Amino acid sequence: MSKLAIHPLGFAAGAEVTGLDLRQPLAAVDHGAIRDAWLRHLVLVFPDQDLTPEQQITFARNFGDLDGHASQAPSTLHPDHQEILVLTNKQVGGKPSGTHNSGRNWHTDLSYTERPAKGALLSCKEKPPVGGDTMWANLYLAYETLSPAIRALLERLEAIHDVTLIKGIEQRDPALVADMKRRNPAVVHPVVRVHPETGRKSLLIGQRIRGFVGMSDEESQSLLSLLNTHATSPEFVYRHRWSVGDLVMWDNRCTCHVALADFDQTKPRVMYRCSLEGEQKTGRIVAPAAAGNRTSMLQAVAAVS
Ligand SMILES: O=C(O)CCC(=O)C(=O)O
Ligand SMILES: [Fe+2]
């Protein structure tokens with residue numbers, strides 16, 4: 001008999017899943033229960049799971065194909081397992097040994113690609129004594145609590161997502177940044193999206209958005225600020241305080257998240273992430289020549305749309 005138990009951790013998002021050893025093959029009944037909980041709670045925490053990279057990959061594959069990380073610089077991937085992105089503040093030979101200072105502004109993973117991730121599974125390998133929490137916001141609630149007038153405006157709106165807006169990207173190795181930019185020209189996505197499994201609408205919003213198609217820069221920035229402030233209201237957020245061995249799995253189709261930088265940077269923080277490949281290509285690439293200059297890009301996008 002299954003020992004699986006699910007305890008909600010927050011009203012907006014988050015549930016703890018206990019009674020499972022994720023190193024073992026997943027029974028069909030547990031698989032179904034996890035999928036249901038994932039769609040309902042958006043962020044699932046599996047505590048005390050000490051997984052090898054192979055075990056993390058095997059568990060992740062229960063929920064879809066893995067993203068091949070073509071959008072990432074190869075040096076940020078696990079040397080033996082390209083399915084794993086290494087998020088670390090550790091230096092090797094004076095250089096960051098993976099994706100450095102990752103996720104420091106609100107974002108939905110891979111929104112700067114045509115096919116944002118379906119979900120992700122993040123395993124905590126090392127953590128500082130205090131700080132370094134991660135927060136997720138429920139973007140269904142964000143959408144549903146906007147006024148009908150704003151919702152009607154957003155229904156037709158598209159946003160320009162830009163990899164260069166990753167917070168702190170300019171502090172990364174310039175060769176790595178050039179690689180990221182080359183791999184990821186700016187893309188346009190609808191602001192309102194429909195979850196392919198639940199059918200519910202949510203916002204694709206965050207701080208890696210350059211602006212909205214057809215709006216002036218000033219209009220874009222004001223609207224973006226309004227939407228991001230609303231979407232990340234404390235009422236919509238689950239905040240996770242990590243322990244080594246936690247595996248957290250989130251639904252990236254209806255959430256955004258941020259990794260807090262409030263910790264002693266001389267202490268290591270190391271996370272391994274598998275990304276589930278998005279099932280829908282919702283974006284379209286904006287001419288790369290337009291990228292880099294906010295005003296010219298907004299005009300270029302407006303011209304082609
Ligand atoms: O390091 C973290 O807590 C999260 C980083 C992040 O944004 C991610 O893994 O997608
Ligand atoms: Fe992320």
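Because the structure is a prediction, the values reported are computed rather than measured. Counting starts at 1 for both ligands and their atoms, following the listed order.
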Self-check item: Pairs satisfying side chain to side chain donor-acceptor pair (under 3.5 Å), at least one member in residues 17-28, at least two apart
Solution: Asp21-Arg23
Quiz item: Can Trp250 be said to touch ligand 1, with heavy atoms closer than 4.0 Å?
Solution: yes
Quiz prompt | Pairing of Arg40 and Asp36 as salt bridge, 4.0 angstrom limit | solution = no
Quiz item: Thinking salt bridges, do Lys90 and Glu126 make one under a 4.0 Å N-O criterion?
Solution: yes
Quiz item: What is the minimum heavy-atom distance between Ile169 and Thr164, and which atoms define it?
Solution: CG2-O, 3.4 Å
Quiz item: What do you reckon, does Ser102 have a nitrogen or oxygen under 3.5 Å from a nitrogen or oxygen of ligand 1?
Solution: no
Quiz item: Is there at least one pair of N or O atoms, one from Thr134 and one from ligand 1, spaced under 3.5 Å apart?
Solution: yes
If you count the atoms of ligand 1 from 1 in the order shown, which ones are under 4.0 Å from a heavy atom of [X]?
{"X": "Leu87", "answer": "9 (O)"}
{"X": "Ala259", "answer": "1 (O), 2 (C), 3 (O), 4 (C)"}
{"X": "Asp109", "answer": "10 (O)"}
{"X": "Gly103", "answer": "7 (O)"}
{"X": "Leu122", "answer": "2 (C), 3 (O), 4 (C), 9 (O)"}

Practice problem: Establish, yes or no, whether a centroid distance under 6.0 Å links the rings of Tyr112 and His107. | Solution: no
Quiz item: What distance do Asn252 atom CG and Trp136 atom CH2 have between them, rounded to the nearest 0.5 Å?
Solution: 11.0 Å
Exercise. Identify which protein N/O/S atoms are less than 2.8 Å from the Fe ion (ligand 2).
Key: His107 NE2, Asp109 OD1, His257 NE2
How close does the nearest protein non-hydrogen atom get to [atom], and which residue and atom is it?
{"atom": "atom 6 (C) of ligand 1", "result": "His257 NE2, 3.7 Å"}
{"atom": "atom 1 (O) of ligand 1", "result": "Arg269 NH1, 2.8 Å"}
{"atom": "atom 8 (C) of ligand 1", "result": "Arg273 NH1, 3.2 Å"}

Quiz item: What residues, two or more places apart in sequence or in another chain, satisfy salt bridge (Lys or Arg N to Asp or Glu O under 4.0 Å) together with Arg35?
Solution: Glu197
Quiz prompt | Any Thr76 side-chain heavy atom under 4.5 Å of Val86 side chain | solution = no
Quiz item: Going by heavy atoms in the side chains, are His240 and Asp133 under 4.5 Å from each other?
Solution: no
Practice problem: Identify the residue among Lys201, Arg200, Arg253 that makes a side chain to side chain donor-acceptor pair (under 3.5 Å) with His195. | Solution: Arg253
Quiz prompt | Pair listing, salt bridge (charged side-chain N to carboxylate O under 4.0 Å, His left out) test, anchored in residues 104-118, at least two apart | solution = Asp109-Arg273, Glu114-Lys281
